[in-house]
S.K.: 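Let me begin by handing over the structure; questions about it come next.
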Amino acid sequence: MPRVVKSREEFEGEIFESLVLVEGKDLPVAPAGTEFSEIAKSRRRVDGQQRVTGRARYTQDVYLPGMLHVRVLRSPYPRARVRRIDTKKAEALPGVRGVLHRFNAPKAAFRGEETIFREEVRFVGDEVAAIAADDEQTAVEALRLIEVDYELLPHVVDLEEAIGDMAPRLDTDGNVAEAATHKRGDAKRGLKEADFVVDATYRTSTQLHNSLETHGAVATWDGEQLTVYESTQHVFGVRQGLRAALKLPFSKIRVLCDYMGGGFGSKGGVGKYSIIASLFTMQLGRPARCILTREEENIAAGNRSATLQQMRIGGKGGRITALEHISWANVGQGKWVANPTGPTNTLYDIANLSSKSYKVVTNAGSLSAFRAPGYVEGTFALESAIDELAEKMGVDPLTLRRKHAASPKDPMVGKRYSDKHLIECYRIGAAEIGWQRRRAGGVRGSAPHRRRGIGMATQIWGGGGGPPAYATVHVNSDGTVVLTCGSQDIGTGTRTVLAQICADELGVELEDVHVRLGDTDNPYGPISAGSLTTASVGPAVRLAARDAREQLLGAAAGVLETPVAELRLESGVVVTKGARTPLAEILGKVDNNTVIGKGGRHPNDPELSLRTFGAHFADVEVDVQTGEITVEHIVAVHDIGRVINPTTARSQVEGGVLQALGFALSEERFVDRATGRVMNANLENYKVPTVKDVPAKITVKFVDRPDRKANNLGVKGLGEPPIIPTAAAIANAVANATGARVRHAPLTRARVLEALAIAGARS
Amino acid sequence: MLRGPGEADIAFTVNGAPAKVRAAPRRTLLDTLRETLALTGTKKVCDEGTCGACTVLVDGRPVYSCMTLAITCEGKSIETIEGISKDGELHPVQRAFIDADAFQCGFCTPGQIMSIVALLRENSAPTEDDVRRAVAGNLCRCGAYPNIVKAGVSAGKRKS
Ligand code: FES
Ligand code: FES
């Protein structure tokens, strides 16, 4: 019988308490050092063949017979009232089948609003109208024929301008709203009593996700059911959004995402494009495809907020006495804020602390979660400030951190960590980078005008996962297995890792497990975000496989006429004392059958705090004439519990480091203040790292010890941890190399040169 | 309204087989492959020559198919990701990508692979730098670059 229990989960820095439905008893965690058949083994991706042959079908590759192509007219102004829309000429164009805009579209709830076409458009890229046509070119041409009468309104796009008094007020209660605060001890007093105080302002720029597959959906309505193919991190989230917008019951909506070309947090739920495609297919009876262009992706599909952060940090007697952190984040037209104060509140046990996070609205595209939202921005400021303090105090920055990083308790909520090996991460990282080589003031680099230095930074993140997550394991009568769950594989290796867990627990060969995910007709699965998939879905898969195995052994006992206690299932073979019988042979003796195992994720212990920890170390060379930074070596060490697949884990860390490198050195959205336009909404002028930007060496290490209190596998997540500390580690290495402190990410050459000039003037 | 001079018949070979299509002069090779010929392995990421996801071989040379008009391919030989495995056997570069875990989401992968296939035909034992140069025009947002370089080098070793 299923029962309802309380659970406490963390998602992207926020704690949620919920009621969840579970069944049966959970399984114990296998201790460290256990030899598994599939877990903790490097395995090739189970979907590798599909991906390298071009057969993997992504949303973009869905072409349905009779499909209409949809294009969206977007506001060219950052703020305006849409007074009138004339679509006569557009509709007269041969091949145009439908037009939607604020005067004819049905109501459709979207993120707290009642419509997807607003009267007041609020950023360049806001949806004004949509056209469905027989082919894409016709749709594009028809957009040009739509005449819109806009009444221009005053706008503001820049964070610091929006905070100021002169800016137009975009919300009735102003542009700035308090989003989160935390206080412990007395920060003011702690700062007063400190012998050394660093008071510094840090800035981070807007980063664009640029997943290679843009956002998009293909929708088809058969008169009874709406099927939506969508590039998403959460098929169930899209279904929820469509239900709200279209007022259809869940049973009439099916959302599918088989292969997916990257999301990095931005594809968390329904988009206006999915609703538009759905409205068209329901009106016109033909499938409709609405896939964003690269430019649309970069103006209207989310971003990592730019931030302005003030840090005051005090030290005395080799310890940190107090920390004050105030952050403002430009959320554009977003309705939430990714708090940069999360790491400040939780990473170190600093007795006197106060933090405040403000949300600032502007006439720019909404933020969306971007791989460790808030934590990347906040860690840049926090970990830079700690190094600045260490420098002032004349102590080793790693030693200073160690003093505040050993606590077994979460300093914010006071609960014990389920497990924590941060000091071990420091030890491994310091050895790998050669921390003892680090000299105050850096060393000469490969040429007289090049300086070399070492820096490091710490990361804390959730990643404990939690319920609800379900899985079923179907064993066919030939011994092959279909594992079904509601998760999606966004490139992280979910299919492979879940197949390993299933094969291992069930006792079959990996290649006999076929994984089906990305389908709302499957049992519920969580969003592929927050580094929670392996820790949420993995334990459910294990339970489902265990359930199936028990049933299989029961069947085998009957066929072999042997007591269950004497049977084992290993690599698809039932082993008894004297004999080995293939599972297929046993199941073949029973008339056509399907054995179905079921599993659901059990709740987390509400008394524990589940966190991942890690540290990155950077070895850099800086050309003091040009300001160019060359990252020679990054060491990444993480404590994420048991590692299921060392190969895919390593790849994910390398990928996180490289995305962080973009944030640290080159990625920055530019918006023109006068027109509100994104000046680099493309891959030409928005600089994501290329193969030539990869550091000469990336060392990846894991503590790799099961977290025995986390879940039945002892695993935690890894998606986000590796993007968090890299930028600060690089900034600290640059400061070590040159004495120049760059407080604005990305650390472009101009900013490095400016900081060098300031450092030169000071010395 | 702008209309070009009308559609034209184009004949070329795709993955060794002759193909005839009718396309407007402005139609790209990428759209022709994906939409007319249903070869969706080649991906559209930017459609403006800045990412390399759409890389295919035209007469053996890697090109961005989003920057190539279909009408310029008359009589030429086009190779796409769908055409490089022979008789169900993966191409050595494809195998090397799987073995080296050289992809995550896989969206850049067809383009990366085609760039390296072209490289190996010119240089059967490439160094890491050779591979880097070959895929310098292929973006990977997942950051699989270190493994892509490894895969390229090891594919060279397998071939020779
Ligand atoms: S799609 Fe052709 S280069 Fe980007
Ligand atoms: S594998 Fe995702 S973009 Fe390269």
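Lettering follows sequence order; numbering is per chain, from 1. Here the structure is a predicted model, which means the values were calculated and not measured.
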S.K.: What part of A:Ile490 is in contact with chain B, defined as an atom under 4.5 angstrom from a non-hydrogen atom: side chain, backbone, both or neither?
M.R.: backbone
S.K.: By side-chain contact (heavy atoms from CB on, under 4.5 Å), which residues pair with B:Arg132, not counting sequence neighbours?
M.R.: A:Val691, B:Glu128, B:Asp129, B:Val149
S.K.: With no hydrogens and no angle check, just 3.5 Å: does a side-chain donor-acceptor pair link A:Asn682 and B:Thr50?
M.R.: no
S.K.: Given that the side chain runs from C-beta out, which part of B:Arg95 has a heavy atom under 4.5 Å from chain A: side chain, backbone, both or neither?
M.R.: neither
S.K.: Tell me, for B:Ile98 versus chain A, whether the close heavy atoms (under 4.5 Å) come from the side chain, the backbone, both or neither.
M.R.: both
S.K.: Is it true that the NZ or CZ of A:Arg304 lies under 6.0 Å from the centre of A:Phe663's six-membered ring and within 45 degrees of the ring axis?
M.R.: yes
S.K.: Whether A:Arg289 engages the ring of A:Tyr63 as a cation-pi pair (distance to the six-membered ring centre under 6.0 angstrom, angle to the ring normal within 45°) should be assessed.
M.R.: yes
S.K.: Among B:Cys51, B:Pro146, B:Pro110, single out the residue with the greatest number of heavy-atom pairs under 4.5 Å to chain A.
M.R.: B:Pro146
S.K.: Distance from B:Gln112 atom CD to B:Tyr145 atom OH, nearest 0.5 Å?
M.R.: 7.0 Å
S.K.: Is chain B contacted by the side chain of A:Tyr259, its backbone, both, or neither, given a heavy-atom distance below 4.5 Å?
M.R.: neither
S.K.: Non-hydrogen atoms of chain A under 4.5 Å away: do they reach the side chain of B:Asp101, the backbone, both or neither?
M.R.: both
S.K.: Using the side chain to side chain contact (heavy atoms under 4.5 Å, CB included) rule, pick out the option among B:Ile113, B:Ile84, B:Leu119 that qualifies with B:Val93.
M.R.: B:Ile113
S.K.: Who among A:Val694, A:Asp47, A:Val688 has the most heavy-atom pairs with chain B under 4.5 Å?
M.R.: A:Val688
S.K.: Hydrogens and angles aside, do A:Gln207 and A:Glu667 bring a side-chain donor and acceptor to less than 3.5 Å of each other?
M.R.: yes
S.K.: Would you say the side chain of A:Leu93 lies within less than 4.5 Å of the side chain of A:Glu141, judging by non-hydrogen atoms?
M.R.: yes
S.K.: Pick one of side chain, backbone, both or neither for A:Thr492, based on which atoms fall under 4.5 Å of a heavy atom in chain B.
M.R.: neither
S.K.: Please state whether the side chain, the backbone, both or neither of A:Thr648 comes within less than 4.5 Å of a heavy atom of chain B.
M.R.: both
S.K.: Checking B:Glu48 against chain A: side chain, backbone, both or neither under 4.5 Å from a heavy atom?
M.R.: side chain
S.K.: Of the backbone (N, CA, C, O) and the side chain (C-beta and beyond), which part of A:Gln49 lies under 4.5 Å from a heavy atom of chain B, both, or neither?
M.R.: both
S.K.: Shorter than 4.5 Å, heavy atoms on both sides: which option in A:Gln60, A:Gln659, A:Glu684, A:Arg650 has the most such pairs with chain B?
M.R.: A:Gln60
S.K.: Please determine which of B:Arg26, B:Arg27, B:Arg22 meets the salt bridge (charged side-chain N to carboxylate O under 4.0 Å, His left out) test together with B:Glu7.
M.R.: B:Arg22
S.K.: Counting heavy-atom pairs closer than 4.5 Å to chain A, which one of B:Ala38, B:Ala144, B:Gly41, B:Cys142 comes out on top?
M.R.: B:Cys142
S.K.: Please flag which part of A:Thr293 lies under 4.5 Å from any non-hydrogen atom of chain B: side chain, backbone, both or neither.
M.R.: neither
S.K.: Checking B:Leu139 against chain A: side chain, backbone, both or neither under 4.5 Å from a heavy atom?
M.R.: both
S.K.: Can you confirm if the aromatic rings of A:His209 and A:Phe370 lie within a centre distance of less than 6.0 Å?
M.R.: yes
S.K.: Select one option (side chain, backbone, both, neither) describing which atoms of B:Asn138 are under 4.5 Å from chain A's heavy atoms.
M.R.: neither
